[in-house]
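Sequence lines set the chain letters: A, B, ... in the order given, protein chains first and strands last, and positions in each chain run from 1. All values derive from a computational prediction rather than experimental measurement.
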Protein chains: 2
Amino acid sequence: MQLPKPLGHLLGQTMRIFKHKLTSKFKANNIDLSLDFFLILLQLYNREDVTQQDLSNQLQRDKSIVLRQVNTLLDKRIVVRLPDKIDKRKKNLILTQKGYELLLEAKEISRNLSDELLAGLSETEVNSFFKVLQTIQENSGLEEDQWYC
Amino acid sequence: MQLPKPLGHLLGQTMRIFKHKLTSKFKANNIDLSLDFFLILLQLYNREDVTQQDLSNQLQRDKSIVLRQVNTLLDKRIVVRLPDKIDKRKKNLILTQKGYELLLEAKEISRNLSDELLAGLSETEVNSFFKVLQTIQENSGLEEDQWYC
DNA sequence: AACATATAGTTGACTTCGTCAACTACATGG
DNA sequence: CCATGTAGTTGACGAAGTCAACTATATGTT
């Protein structure tokens, strides 16, 4: 399969654009979140048993990065870190009410931005797009739980 | 258009996977390049009139980042920085022979990785994928030359 | 029970990326 | 000649990412 431009270039550019657009829209709406923090909050949405190790696997970041990012979310009173009742090594991360409300706003903005960026494309095209991203992740041979072994 | 997962999440994950895979393959082949450096070299491929400002626009990075990255490419003897003959403000960036050979190897590896990650997808799907990425960039309303105005 | 091994979290050191503001040198148009 | 714009450079700083070591707890084996 020949791409007109290298895959890394295309993905990198698009990612950069999305990141810049999203953070500037967040700022415009007085939402003090980076894309990375937003992705963390999304993982905590409507769940109560998420640990930092889970985030490290799902977001594919070193657990030390996750730790520090969670620390700043704690400082901002957006999440709380509670010891797991069964396994004392684990800490469960839970959204505060403030965090939940912030996330709802952020999700709305993110969805609007997606609509804006995907405007003019057919459903078929967007579905293919999604399928390709999915396939890339599957072809990478990385299961969610084998990141940073 | 509804995506199963937020666009930022999908793009971020895929980008991360690609980046990690590519740099580890580079390492395995003794190629001392990050994805960022690779993308810079791609822009210099078979061209002689590329300036740092051009790179800043095309790669959408602040010119100070480009400057420092070019500096380390200079240290590695991969590119040279020559004053432009007409406009004395500009500096042209040119691949050395070493840089050219390195780039050829890197391109090969990058192409193989793309093939590996896109395996099992139809040409139609990959074309849609490319079109969607293209459209996102167009819908973002950013022209190449208005980055960091 | 004692032991080795594995997992979750934490910390420190260090590099690179990204942002921003200020600055120099040169170009261009009135 | 002067105002304005552009290309490159520098410094400061915060955030992201890498890596290795460490603590505490859990789990499996003999």
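- Nucleic acid contact class of A:Leu55 (heavy atoms, under 4.0 Å, all strands): none.
- Within the helix from C:dA1-D:dT30 to C:dG30-D:dC1, the inter-axis angle between the opening and closing five-pair segments is 30°, rounded to 10°.
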Show me the donor-acceptor pairs within less than 3.5 Å that the side chains of residues 101-108 of chain B make with the rest of the protein, sequence neighbours left out.
from: B:Glu101; atom 1: OE2; to: B:Gln97; atom 2: NE2; distance (Å): 2.7

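- The distance from atom CG of A:Leu73 to atom C1' of D:dA16 is 14 Å, rounded to the nearest whole Å.
- For B:Phe38, the ring pair (Phe, Tyr, Trp, His ring centres under 6.0 Å) partners at least two apart in sequence or on another chain are B:Phe26.
- To the nearest angstrom, P of C:dG9 lies 15 Å from CD1 of A:Ile65.
- For the side chain to side chain donor-acceptor pair (under 3.5 Å) condition, no pair includes a residue of residues 38-48 of chain B, sequence neighbours left out.
- Salt-bridge annotation for B:Lys25 and B:Glu116: present, with a side-chain N of the basic residue lying under 4.0 Å from a carboxylate O of the acidic one.
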Subject >> Contact state string [nucleotides 5-13 of chain D, B base, S sugar-phosphate only, - no protein heavy atom under 4.0 Å] >> reply: BBBBBBBB-
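- Annotation: the span from B:Leu7 atom CG to A:Leu22 atom CG amounts to 9.5 Å, rounded to 0.5 Å.
- Across every non-hydrogen atom of B:Ser56 and B:Arg61, the tightest pair is OG-O, 2.7 Å.
- The nearest whole Å value for the distance from the CG atom in B:Leu35 to the P atom in C:dC17 is 10 Å.
- Note on A:Asp32 versus A:Lys27: no salt bridge recorded, every NZ/NE/NH1/NH2 to OD/OE distance being 4.0 Å or above.
- At a threshold of 4.0 Å, the pair B:Arg68-B:Asp36 does not count as salt-bridged, since none of the basic side-chain nitrogens sits closer than that to a carboxylate oxygen.
- Across all strands shown, B:Asp36 has heavy atoms under 4.0 Å from sugar-phosphate atoms exclusively, and none from any base.
- Note: CG (B:Asp75) to C1' (C:dT16) measures 15 Å, nearest angstrom.
- Within the nucleic acid shown, A:Ile86 comes within 4.0 Å of sugar-phosphate atoms alone, with no base atom in reach, counting heavy atoms only.
- Toward the 5′ end of DNA chain D lies the nearest nucleotide of A:Ser34, the other residue of the pair A:Ser34 and B:Lys27 mapping further downstream.
- Per the geometry, CE belonging to A:Met15 stands 13 Å off C1' belonging to D:dA16, to the nearest Å.
- The salt bridge (charged side-chain N to carboxylate O under 4.0 Å, His left out) check on A:Lys131 picks up B:Glu125, with sequence neighbours excluded.
- In this structure, CZ of A:Arg61 is placed 14 Å from P of D:dA15, rounded to the nearest angstrom.
- Between A:His20 and C:dG18, a side-chain N or O to OP1/OP2 separation shorter than 4.0 Å is absent.
- OP1 and OP2 of D:dA15 both lie 4.0 Å or more from every side-chain N or O belonging to A:Gln69.
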